[in-house]
Amino acid sequence: MLWSGIGTACALGLMATLGQDVTYPPAEALPVISELPDPFLRPDGFRIQSKRDWERQRKALLSLILRYEYGEMPPVSRNIRAQILSSHPIEGGVEREILLTMGPKGGVSIHLFLSEPEGEGRHPALITGDLNWGRIKPEIVREVVGRGYTLAVFNREEIASDSNAQTGVYKAYPNYTGGRLAAWAWGYHRVIDYLLTLPNVDGKHIAATGHSRGGKAALLAGATDTRIALTAPNNSGCGGAGCYRILIGKCEDITAITKNFPFWFAPRFHEFVGKVDRLPFDQHTVKALIAPRALLTTEALGDHWANPEGSQITHSAAKEVFDFLGAGERIGIRFREGGHEHNLQDWTALLDFADLQFFGKGSSSAFSAFAFPNAERGHAWQRPKR
Ligand code: GTR
């Protein structure tokens, strides 16, 4: 089947090719879609009607997004090994530094800090890959551990450098062509492989978070691994929770991001520079891949480069899918004053949302307030009424 873009007339013309291999035409051959593309529209031009059809549609959308935007994920590595490098008490718990090795001949190794609450039983866990930016501030670690969560912090730049350099997974899998965001997302997945071997981790309640480029990676990690029960990108902007088509003010767009960071993306993504309205999806589609699992977007009102209003617009479009699946209360958004950082306020919002989603504590109204009540609606379509 040829995915020739989402446009009924064009897609209907493809019916004859059903059953053949999927091919992905160049951007210039895809139809122009000015609004945020309809995630319910199948490649053959029909709209899905029932919840039962979503899983198949989700797979088709995921392939499209990986093929055009992020590149494929690296192969799954099943030989993860852990070496505890150090262990010491912290306030309310214990902290261990662990070296994880994985991949062909154990060729990829990463450092992971695990801060675990004391006490028997299994604890929910929050993972971030942002160790390359330094240790998480003690006040944040205290808050996470104090509220009964394990904090797992790994260095995504050990998975793959933030450059063109062929390190980490690129060295271990020389034929791998995906972008850095996909490689980093794979790092979250490997950390989960390890966490699931631990007797004190609650494998049903694992959250992935990250800031900025780390937030883009966390979003993709959640979109590609259903073991992640809650995904929480922070200030992730373009290529993350933001929006490619609708840009408000001076914010990052596809031209800037593919010029400055081509190695974050699939080799083909630059085809869409100057043709963003031919993208057969937008970032609401990536968010929708997470449904019906939980998704929290945290945004800073002063972080104009990250297009917080665009994040609200893709949030509203993605919510159509969450609502369709009967999971409207699983998608949240939280705005705060201030600039580009992942601060205690953001982490506290994540913990509150996790308490709500995992344990039914608190109220969902705290995660549905919009900062931009007059924002445009990015889509005219609506979820199919069942
Ligand atoms: C910027 C980039 C953003 C964001 C940010 C960050 O330079 O334009 O997409 O990822 O870096 O990671 O802090």
May I ask you to say whether [X] pairs ionically with [Y], meaning some side-chain N is under 4.0 Å from a carboxylate O?
X	Y	result
Arg383	Asp38	no
Arg245	Asp277	no
Glu72	Arg67	yes
Asp193	Arg190	yes

Which pairs pass ring pair (Phe, Tyr, Trp, His ring centres under 6.0 Å) with one or both residues in residues 216-249, sequence neighbours excluded?
-> Tyr244-Phe269
With sequence neighbours excluded, what pairs up with [X] under the side-chain hydrogen bond (donor to acceptor under 3.5 Å, both in side chains) test?
X	result
Arg268	Glu271
Gln357	Arg330
His270	none
His123	none

Side chain to side chain donor-acceptor pair (under 3.5 Å) assessment of Tyr194 paired with Arg81 = CA-CA 8 Å; Tyr194 169 64; Arg81 297 177 77 116; over 6 Å; no
Okay, side chain of [X], backbone of [Y]: is any donor-acceptor separation there less than 3.5 Å?
X	Y	value
Asp44	Phe46	yes
Glu337	Leu301	no
Thr128	Gly210	no
Ser161	Thr167	no
Arg47	Leu41	no
Glu97	Ile84	no

With sequence neighbours left out, which residue pairs that include part of residues 82-91 fulfil the side-chain hydrogen bond (donor to acceptor under 3.5 Å, both in side chains) condition?
-> Ser87-Arg96, His88-Glu95
Should Ile159 and Phe154 be marked as a side-chain contact (heavy atoms from CB on, under 4.5 Å) after you check the CA-CA gap, both sets of side-chain angles, and the distance that decides it?
-> CA-CA 9 Å; Ile159 295 286; Phe154 73 99; 4.2 Å; yes
Take Asp355 and Tyr149 through the side chain to side chain donor-acceptor pair (under 3.5 Å) test and state the conclusion after the steps.
-> CA-CA 10 Å; Asp355 274 354; Tyr149 288 73; 2.7 Å; yes
Beyond-backbone contact of [X] with [Y], side-chain heavy atoms, under 4.5 angstrom:
X	Y	value
Tyr68	Leu30	yes
Val153	Arg135	no
Ile136	Leu151	yes
His342	Asn235	no
Val286	Glu69	yes
Ile127	Ile192	yes

Which residues satisfy the side-chain contact (heavy atoms from CB on, under 4.5 Å) test with [X], sequence neighbours excluded?
X	value
Leu247	Cys251, Asp253, Asn307
Glu28	Pro26, Lys275
Asp162	Glu157, Trp184, Arg213, Phe263, Trp264

Identified salt bridge (charged side-chain N to carboxylate O under 4.0 Å, His left out) partner of Glu320 from the options Lys385, Lys287, Arg377 | Arg377
Looking at Asn234, Asn343, Asp346, which one forms a side chain to side chain donor-acceptor pair (under 3.5 Å) with Thr298?
-> Asn234
Begin with the C-alpha distance, continue with both residues' side-chain angles, and end with the deciding distance and a verdict on side-chain contact (heavy atoms from CB on, under 4.5 Å) for Ile98 and Leu85.
-> CA-CA 5 Å; Ile98 297 152; Leu85 302 179; over 6 Å; no
Any chance CD of Glu139 has more than 12 other-residue heavy atoms, nucleotides or ligands included, within less than 6.0 Å?
-> yes
Determine the minimum heavy-atom distance between [X] and [Y], stating which atoms define it.
X	Y	value
Gln283	Gly242	CB-O, 3.2 Å
Leu61	Trp54	CD1-CH2, 3.8 Å
Gly328	Asp323	CA-OD1, 3.1 Å
Gly338	Ala300	O-CB, 3.4 Å
Ile313	Glu376	CG1-O, 3.5 Å

Given Arg142 and Val144, is the side-chain contact (heavy atoms from CB on, under 4.5 Å) satisfied, shown in steps?
-> CA-CA 6 Å; Arg142 249 194 321 272; Val144 173; over 6 Å; no
Transitive ILVMFWY cluster of Trp133, excluding itself - 4.5 Å side-chain cut-off = none
Residue pair Thr314, Thr297: steps toward the side-chain contact (heavy atoms from CB on, under 4.5 Å) verdict | CA-CA 10 Å; Thr314 57; Thr297 302; over 6 Å; no
Arg180 versus Tyr70, side-chain donor and acceptor atoms under 3.5 Å = no
Partner of Leu295 under side chain to side chain contact (heavy atoms under 4.5 Å, CB included), picked from Thr231, Ile228, Ile333, is Thr231
Anything under 30° is parallel, anything over 60° is perpendicular, the rest tilted; go ahead and classify His211 against His340.
-> tilted
Without placing hydrogens or testing angles, list every side-chain donor-acceptor pair under 3.5 Å for residues 362-369, not counting sequence neighbours.
residue, atom, partner, partner atom, Å
Ser363, OG, Ser365, N, 3.1
Ser363, OG, Ser365, OG, 2.7
Ser364, OG, Glu329, OE1, 3.4
Ser368, OG, Ser365, O, 3.3

Run the side-chain donor-acceptor check on residues 214-226: report pairs under 3.5 Å with partners two or more places apart or on a different chain.
residue, atom, partner, partner atom, Å
Lys216, NZ, Ser236, O, 2.8
Lys216, NZ, Cys238, O, 2.7
Thr224, OG1, His189, NE2, 3.3
Thr224, OG1, Leu220, O, 2.7
Thr224, OG1, Ala221, O, 3.3
Asp225, OD1, Arg227, N, 2.9
Asp225, OD1, Arg227, NE, 3.1
Asp225, OD2, Arg227, NE, 3.1
Asp225, OD2, Arg227, NH2, 2.8

What about the rings of His315 and Phe370, do their centers lie closer together than 6.0 Å?
-> yes
